[in-house]
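In this chain, numbering begins with 1 at the start of the sequence shown. Values in this document were obtained by computation on a predicted structure and should not be read as measured data. Note that ligands are numbered from 1 as they come in the structure, with each ligand's atoms numbered from 1 the same way.
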Amino acid sequence: MKRYDRALVWFRRDLRAEDHAALSHALAEAREVYCIFVFDTEILDALERKDDRRVEFIWHSLVELKSTLRRLGGDLHVLHGRARSEVPDFARSHDVQAVYVNHDYEPIAIARDHDVAERLAAEQRVLHSFKDQVIFEKSEILNAQDSPYVVFTPYKRAWLARVGRRDSEPHPVADRAQALSPGNAPPLPDLEDIGFARTNLTNLGIPAGESGARLLFEDFLGRVSAYAERRDYPAMVGPSLLSVHLRFGTISIRELVRTAIALDADAGARAGAAVWLSELIWREFYFSILFNFPHVAGSAFRSEYDALKFENRESHFHSWCNAATGYPLVDAAMRQLNSSGYMHNRLRMLSASFLVKDLHVDWRWGERYFAQCLNDFDLAANNGGWQWCASTGCDAQPYFRIFNPVTQSRRFDPEGRFIRMQMPELAGVPEKYIHEPWKMPLDIQRSSGCLIGETYPAPVVDHAVSRKKSLAIYSAVRSQSRSRR
Ligand SMILES: Cc1cc2nc3c(=O)[nH]c(=O)nc-3n(C[C@H](O)[C@H](O)[C@H](O)COP(=O)(O)OP(=O)(O)OC[C@H]3O[C@@H](n4cnc5c(N)ncnc54)[C@H](O)[C@@H]3O)c2cc1C
């Protein structure tokens with residue numbers, strides 16, 4: 001006996017028709033299930049660029065999702081408007097009794113869902129919400145004092161001790177699909193219809209949708225054994241490149257975790273899979289931090305660091321955004337971000353540290369810039385990453401540990417392969433100078449086609465001087481907060 005005659009699944013950051021908690025529950029509990037996605041103008045209107053790769057990624061993923069749902073006997077209605085009114089309006093016009101969604105943990109989304117639930121309730125409809133994006137959420141992993149962990153290693157230990165086979169079991173869809181409501185949804189609006197334009201996403205070879213995620217995952221499984229050794233070198237294909245798929249839910253976290261745990265039995269892949277699983281757990285750690293300490297969206301996790309006196313020079317920020325700091329690996333990182341919407345993890349750490357601790361620009365400026373540019377932008381991971389680099393976060397890099405941009409470059413891009421890939425203006429620079437091109441004698445500058453101050457900028461700051469200044473900025477706050485105690 002089913003609970004409802006008609007239900008509605010509202011897709012958000014879960015754009016797949018496989019192993020989907022809300023869809024699976026709706027199909028089990030309702031006789032007829034509609035599926036919708038809303039291009040939410042509250043989100044879209046805030047995007048600065050109309051050629052935003054994320055909107056195109058979503059669009060391609062929806063084209064595929066619609067066709068998959070149609071194959072299963074259902075369809076996808078794609079709407080454009082304010083989700084908080086579009087969803088209740090659709091529920092009313094299709095006379096559904098319940099709306100099914102997966103939990104979203106971002107403060108703005110929580111408020112929106114609360115609002116939608118109230119509007120539905122006013123008409124005797126209900127909103128059911130499920131855990132889907134993570135293995136453990138909210139308060140599921142707590143320490144001995146029943147508080148959320150604020151240090152990663154014990155969190156990870158507790159996570160690993162708790163995870164069992166059931167936590168990563170799939171939520172079935174295909175064998176319940178007969179409840180999907182058939183056809184009749186209008187075609188998807190074009191990107192232009194919703195005010196957006198095509199980007200270079202397809203040329204970049206970033207595949208969207210469930211099929212794109214599968215392609216990347218299968219490719220990664222062939223090289224997971226080398227993950228631990230390769231993942232820090234941006235010129236190598238080391239990481240999985242799945243972050244944008246995890247962001248938009250075109251692959252299930254349960255499948256990834258299940259696979260990573262199963263690889264423990266494979267001696268060849270074990271070490272790589274364990275390190276990779278650790279990264280997936282970092283993702284959950286930051287979700288838990290954002291959910292339990294929502295003040296981090298906008299403020300330092302450790303509030304004493306809100307008193308940091310950053311210089312915030314516009315010209316410095318501008319040079320960082322535009323890959324013109326004069327430090328080749330930092331600039332190559334920013335070029336990668338600007339041209340593709342992706343940045344390698346090692347480079348996210350380096351470029352964030354450089355902005356805050358060399359250029360003395362508020363970490364929130366960098367966080368905002370990443371939020372505009374990253375295809376995989378996720379509030380929890382981005383905020384966690386920035387606060388880690390700025391030493392303002394939980395379990396962060398100690399403030400006195402400051403990446404040296406030249407040493408990092410020598411270590412992680414020793415021959416300058418990544419630098420040359422991203423920065424054609426440095427392609428002819430000899431290996432000896434690739435990490436510090438400003439040290440090139442003039443004749444070598446001429447012969448290599450790289451004139452410092454003309455075709456490539458001189459360093460905007462001296463790292464040694466900046467480092468000292470940074471230590472002073474952080475020490476001032478620390479002594480202030482000590483004297484207050
Ligand atoms: C300043 C800064 C900002 C960042 N902003 C984001 C962001 O907006 N969105 C985002 O998904 N990741 C962010 N990260 C984390 C990390 O850099 C990316 O997840 C990773 O580079 C994505 O590449 P991948 O999918 O190939 O990762 P893999 O190495 O294959 O890792 C697998 C998955 O684990 C997760 N993951 C890996 N590292 C981290 C981490 N440190 N924190 C949280 N999750 C992690 C991601 O979902 C990733 O897809 C940020 C890191 C820093 C230092």
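Below 3.5 Å of separation, one finds no N or O of Trp282 facing any N or O of ligand 1. Considering backbone and side-chain atoms alike, Tyr342 places an N or O below 3.5 Å from some N or O of ligand 1. Looking at Leu242 next to ligand 1, an N or O pair under 3.5 Å apart turns up.
Residue Glu192 qualifies as enclosed at atom CD: its count of foreign heavy atoms under 6.0 Å is above 12.
The Met349 neighbourhood of ligand 1 comprises atoms 53 (C), with distances under 4.0 Å to a heavy atom of that residue. For ligand 1, the atoms lying closer than 4.0 Å to a non-hydrogen atom of Ser243 are 11 (O), 22 (C), 23 (O), 25 (O), 49 (O). The atoms of ligand 1 that sit less than 4.0 Å from any heavy atom of Tyr286 are 42 (N), 43 (C). Atom numbering of ligand 1 starts at 1 in the shown order; those under 4.0 Å from a heavy atom of Asp378 are 7 (C), 8 (O), 9 (N). Near Tyr227, with a cut-off below 4.0 Å to any heavy atom, the atoms of ligand 1 are 28 (P), 29 (O), 31 (O).
For atom 32 (C) of ligand 1, the closest non-hydrogen atom on the protein side is Trp276 NE1, 3.2 Å. For atom 6 (C) of ligand 1, the nearest non-hydrogen atom of the protein is Arg348 NH1, 3.2 Å. When hydrogens are left out, the protein atom nearest atom 26 (O) of ligand 1 is Leu241 N, 2.7 Å; that is the closest non-hydrogen contact. Looking from atom 9 (N) of ligand 1 to the surrounding protein, the closest heavy atom is Asp376 O, 2.9 Å. When hydrogens are left out, the protein atom nearest atom 15 (C) of ligand 1 is Asn345 OD1, 4.0 Å; that is the closest non-hydrogen contact. Given atom 5 (N) of ligand 1, the protein heavy atom at minimum distance is Asn382 OD1, 3.1 Å. If you check which protein heavy atom lies closest to atom 35 (C) of ligand 1, you get Glu279 O, 3.6 Å. Ranking protein heavy atoms by distance to atom 12 (N) of ligand 1, first place goes to Ala381 CB, 3.6 Å.
Atom NE2 of His60 sits about 4.0 Å away from atom OG1 of Thr202, to the nearest 0.5 Å. Within the model, atoms CG of Asp462 and CH2 of Trp438 stand 9.0 Å from one another, a figure rounded to the nearest 0.5 Å.
If you look at Phe136 and Phe287, their ring centroids are not closer than 6.0 Å. Taking the six-membered ring where the residue is Trp, the centroids of Phe130 and His171 are separated by 6.0 Å or more. Side-chain rings of Tyr286 and Trp282 approach one another, their centers coming within less than 6.0 Å. Taking the ring centroids of Phe39 and Phe37, they lie under the 6.0 Å cut-off. For an aromatic pair to be called close, the ring centres must be under 6.0 Å apart, and Phe400 with Tyr474 fails this.
Heavy-atom proximity to atom 33 (C) of ligand 1, evaluated over Leu280, Leu277, Leu256, Val237, is greatest for Leu280. Remark: among candidates Ser351, Pro239, Gly385, Ser353, the nearest residue to atom 2 (C) of ligand 1 is Gly385, based on non-hydrogen atoms.
Looking at Arg53 and Asn200, their side chains do bring a donor and an acceptor atom within 3.5 Å of each other. Between the side chains of Tyr305 and Arg478, at least one donor N or O lies within less than 3.5 Å of an accepting N or O.
Checking Ile289, Val151, Val150 one by one against Asp395, the side-chain contact (heavy atoms from CB on, under 4.5 Å) holds for a single residue, Val151.
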